[in-house]
Asker: 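Below is one structure. I have some questions about it.
The sequence lines fix the lettering, A, B, ..., with proteins before strands; numbering per chain opens at 1.
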Amino acid sequence: FGTILSEPLPLTPESLKVSINSTKQCLHLQWTVHNLDYHQELKMVFQIQISRLKASNVIWMGNYSTTVKRNQVLHWSWESELPLECAIHFVRMRTMVDDARIPAPRFWSNWSSWEKADAQNSLGDHPLYVFPKDKLVEEGSDVTICYISRNHQDNISCYLEDELTYGKQLDQNVWAFELKNVSFHRKTGTNFYCKGQGVPEGVVLFVSKVLEEPKDFSCETRDLKTVTCTWDPGSDTGLIQLPSYTLFDSFSGKKTLCKHRNRCDWQVTQDSQEVYNFTLVAENYFRKRSVSILFNLIHGVHPLAPYNLFPKSVSATNVTMTWKVSSIGHNSALLCQLQLLGEGKQHNISVRVNGEYLLSELKPDTEYMARVRCAYADHFWKWSELISQNFTTAEAAPSEAPDVWRDVTFVSGHPTVTLFWKPLSKVHTNGKILFYNVVVENLDEPSSLEVLSVPAPANSTKVTLNQSSYQIYVTAHNSVGPSPASAVAISGHPENENVEEGRVNGTEDGFHMSWKPQSRNATGYVVEWCDDPQNLPCVLRWKNLGPTNTGTVISSDAFRPGVRYNFRIYEISAKRMAHLLEKKAGYLKELAPSYNPEVATINLTSHSFTLSWKDYSTESQTGFIQGYYVYLKSKTGEKCHREFEKTILPDNSVGCKYTIDNPDQKTFVVKDLQPESVYEFFVTPYTSAGEGPLDDFTKVTTPDDYSHILIHIILPMIFCVLVVMITCYLKSQWLKDKCYPDIPDPYKSSVLSLIKFKENPRITIMNVNDCVPDAIEVVNKPEGSKIQFTGTRKSPTETKGTKPVYLDLLPTENYSGPGPCICFENFTYNQAASDLGYCGHFPVTPQAPHCQLGPLTSPENLLKTLEQNYMNSLGEIPAGEANLNYVSQLASPTSGDKESPPANPPEPVLCSEYKMQMAIPLGLASPAPSENSSLSSTALLNPSEHCH
Amino acid sequence: MRAQRMQRTLPSLVLRLLFLCTVATGKCSGKYHELLLQLQRQADLMQDTSTLVDPYIRFQGLESPKLQEHCREHPGDFPSEDALWRLSRQDFLRTLNVTLGLVLRMLGALQQDLPEAAQQQAEMNVRGFGNNIHCMAQLLRGSSDPEAAEPTQPGPGPTLPPLLPPMPSSTFQRKLRNCRFLRGYHRFMRAARQVLWGWGERQGRSRRHSPHRALQRGARRTRPFLEVRRLSPRGQLPR
């Protein structure tokens, strides 16, 4: 070298050999250059031509420059896009010295002869071949596939993943397919196959996704002994063959092959190298990607997580936390951070080996989580991972008195107090509440104390008291001790409940309520209510308020729209006594009534009827009942009645509506109706939210005008008549006996036997017409005697021994009862008298003129005559001594059967008993031989009376 | 789909647990009926194409009907059912054992070419089945029943499958070849299942003291099954 060659050399490539690498689809050229001097090296250029199918079809030409030694075998490869098996290739080359030591002019050598590369010769006799075999390509690139068919007759179709593909014919047996922009299908490759008559033949294209550049490449050390570099490799290339990752440090010149695709470890050597220039190289068949960082070992210390974190000396408010750290070389210190979760506090502690820290002001009986992490103190790079440990502080006595309220009921005058208390919040319990102590102190008897222990979690208890004043104390107890006491005072007397109830409106926030304080000494206020007033027993809720409050908002998750809530506001006195201040009722949101009242129709007349729904409770509705709507429809569709207004009903029918704006009015009179008409009505309440649901209308038919008469007059009359008729029917015989007795047949009278006995042929029987009633037969009833009325039914034994009694009008002395009864009823003689229908008793008038007999020309005269005679007769009888009875023909002998003592004056009766017309000695009832046995009826008469 | 998969994997899991139990204790079940039932159920499971060849076809992209028709069993890969029927029980078990060993090696070679879960499950099934074959062979050896050594049909000794089939160099052809091999495996297991159920049927008839010949499962079976009474004169085998 250094010398300049004097003449150009005719150097030509020799021994050119061409071979095919099917795997890489490369033509491999190998040649030598002779004629070089020993030890001579020349820079030369080789021009290469490649032809396909035939030598003249040059498809590629290029230069290859290299330095050539004598007899050196040169190599060069050319990659073919068309599988080499599918076409014959020809190669030739020439050369030219391109060395500065050789002066110009320079010229090309002669072309070598064409060298043929024919892979088809090496193929077997398989009818079909597809190339290239198992080609590895990058996604998005183009690939040429070809097939060689030995059978010309065979109709061959080719498919790329089942999709028919069309190619171009290269040769008689060869077809080529250009696949553009190939895409990734699966790790096991994309199938391309051709199919003729026989078994399909195909190739698998292994398509690789484009290798991405590693991202977030960084390095750190945890112990100053090993550097760990990490990165994000990006998406997988999708091949079974993974890309390789290599870490290279340019300062030390060392490199390491990474075992993982996203992490690599680098061992720190002892040469105290602190700074590294790391380059990460990712490489696959197609690409090489690299990223670099400068790394300072001291600045990249990421300590390992501390360990053995434990609480020590745990009390109610203090705990000491201890932990350990992994040591880092150089005797370095770590900065550890202790955090108490939930407290928001963190404490920094410098630690070399063991850490310890006292945490104070903790809450009793509270579970805490302590966490520790550490960082390199000399140069902060990164916190270690956190480790955590839970611990619970010890219990302490409850710190707050329970919130207590009471409900007082009086049973038989004795107050029964139900005490309620709210569970203490976790902040105040300081441990598990085991029980509640209730101490009842009778203020009237200071020495009297009653203690009740109520196990938790009960929140109420019941105490029955006397009519004294009491102070009740409630304390909550945990395992350590009691809480402060909560006091409630109870009066032995009922509270004043006479407080007017007001209304309160509910809002989304709850019930806003206010009150007027009554006392200046109030120590607070309590508002109580039931969360679910519709269900009993009441779940009592209350809210304590300070003495300065005159209003509050009551809210509860239990409040529901359409439920009436009743609130009671109490004022608490200095002695803890509660006085009812106000009562309020309200709805969180009023709803329309959910149901309608059951309406009864009363007082139905032809022109009106009354609707009544008195059972409908306005208290338990879904809103404040403001009134009622009365809907009325008539079949005739006539105009609305007075005070009704026409309205469209929800069912789109037209009706009349009347508004009752008084919720307490629960009756309504529908007036001015037409008789015999059908009306339909419907009553629904309404609240501020609307009216009740539309129910069915109730039909009412008004009666006609006379129906009430029928009901009220005719029907009772018919009833009475029926009763009378039935009575008459049942008592017909009795009535007949009383009012229409059978007139005795004179022919059948026993008197006839007497007549016969006198053998008076002319006088057979007394003719009534021939008789002139001119005298009254007066029965003389001597005091102490018993008048025996005879009758046909009298037994002979009863009448035995009795003598005929002649009736004399004798004055009766010492009579103190009612006057003698005189009956004028004698239908036989005077019809007019019978028409009177009754028999009267007349007082006896002593001054009455004596009976005067005279012609009886008329019934009146007859009556008068009778009266006069009678009166005259009475006049002869001293008052009180004579009991004058008119003895009627109809007088029933049964009255005579009455065994009334003679001392008892007979009671005045309206109707006298039937008395035979003629006074007949009782013994005549049965003919008996006597001296007067021949008496006729005339003879039986008083001598002063004559038959005309 | 999930339900179907569950249906398929659940029995597999149960069987796997059964095998694991046997393997873990290191003891074979001495109960013939239990062992036979276990083998029958395992064969039932393993003959199901959804356990191996179907996942393979999906994984390799061979779902096309044009390719499916070339995924048929390659003759000679596995012994035929007839050949199995002709074997004595011991020879049958030996053949099964050898063949499944081959399958196991094949599965190892197909590690990258199968979904991981399917490959592992298939491997586990084959190992378990092999374990039970070993136990059954041991049980049969323990019995002095002449039938254990007698073929169910007259014929040669154990029919051993060839070695692993030569694999083409082309990946595409290898895909098809593997597919055919796996298809053959399922067919072989179906045949083994038939033989094993045949054992069970003979047992049933034996219990009923049927004097008749064994139930012929096809015209191929010309020789009657031997009475099981003769098969198990002592021990755990049924009488």
Asker: Which of residues 125-148 of chain A have a heavy atom under 4.5 Å from any heavy atom of chain B?
Answerer: A:K133, A:D134

Asker: Answer yes or no: is there an ion pair linking B:R127 with B:E123, defined by an N-O contact shorter than 4.0 Å?
Answerer: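 Salt bridge present between B:R127 and B:E123.
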
Asker: Kindly check if the number of other-residue, nucleotide or ligand heavy atoms within 6.0 Å of CD (B:E69) is above 12?
Answerer: yes

Asker: If the test is salt bridge (charged side-chain N to carboxylate O under 4.0 Å, His left out), which one of B:R187, B:R180, B:R190 qualifies with B:E73?
Answerer: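 Considering B:R187, B:R180, B:R190, a salt bridge (charged side-chain N to carboxylate O under 4.0 Å, His left out) with B:E73 is found only for B:R187.
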
Asker: Is the shortest distance from a Lys or Arg side-chain nitrogen in B:R89 or B:D91 to a carboxylate oxygen in the other one below 4.0 Å?
Answerer: no

Asker: Could you check whether the rings of B:Y185 and B:F78 sit parallel, tilted or perpendicular, using 30° and 60° as the cut-offs?
Answerer: tilted

Asker: Do A:S235 and A:E212 pair up side chain to side chain, a donor and an acceptor below 3.5 Å, judged on atom types alone?
Answerer: yes

Asker: Does a salt bridge link A:K187 with A:D236, judged by any charged N lying under 4.0 Å from a carboxylate O?
Answerer: yes

Asker: What parts of residues 73-85 of chain A touch chain B if we use heavy atoms and a cut-off under 4.5 Å?
Answerer: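 When heavy atoms of chain B are the reference, residues 73-85 of chain A contributes no residue within the under-4.5 Å range.
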
Asker: How long is the straight-line distance from CZ of B:F129 back to CG of B:L100, given to the nearest 0.5 Å?
Answerer: 6.0 Å

Asker: Quick one: do the B:S80 and B:D82 side chains pair a donor with an acceptor below 3.5 Å?
Answerer: no

Asker: Nearest 0.5 Å, what's the CZ-SG distance between B:R72 and B:C179?
Answerer: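 Going from CZ on B:R72 over to SG on B:C179, the span is 11.5 Å.
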
Asker: Tell me the residues of residues 158-185 of chain A whose non-hydrogen atoms fall below 4.5 Å from those of chain B, in number order.
Answerer: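 So the qualifying residues are A:Y159, A:D162.
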
Asker: Can you confirm whether B:R41 sits close enough to B:L37 that some side-chain heavy atom of one is under 4.5 Å from a side-chain heavy atom of the other?
Answerer: yes

Asker: Rounded to the nearest 0.5 Å, what separates atom OG in B:S170 from atom NZ in B:K175?
Answerer: 10.0 Å

Asker: Report yes if some heavy atom in the side chain of A:V18 is under 4.5 Å from a heavy atom in the side chain of A:K116; otherwise report no.
Answerer: no

Asker: To the nearest 0.5 Å, what is the distance between CG (B:L182) and OG1 (B:T49)?
Answerer: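 Going from CG on B:L182 over to OG1 on B:T49, the span is 11.0 Å.
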
Asker: Using only the SG atoms, decide whether A:C229 and A:C264 are less than 2.5 Å apart.
Answerer: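 A:C229 does not pair with A:C264 as a disulfide (SG atoms not under 2.5 Å apart), so no.
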
Asker: Can you tell me which portion of B:Q173 sits under 4.5 Å from chain A's heavy atoms? Options are side chain, backbone, both or neither.
Answerer: side chain

Asker: Any luck finding a side-chain donor-acceptor pair between B:Y56 and B:D113 under 3.5 Å?
Answerer: no

Asker: Sub-4.5 Å heavy-atom contacts with chain B: which residues of residues 191-209 of chain A show up?
Answerer: A:N191, A:Y193, A:K195, A:G198, A:V199, A:P200, A:E201, A:G202, A:V203, A:V204, A:F206

Asker: Does a salt bridge link B:D77 with B:R177, judged by any charged N lying under 4.0 Å from a carboxylate O?
Answerer: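 So B:D77 pairs with B:R177 through a salt bridge.
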
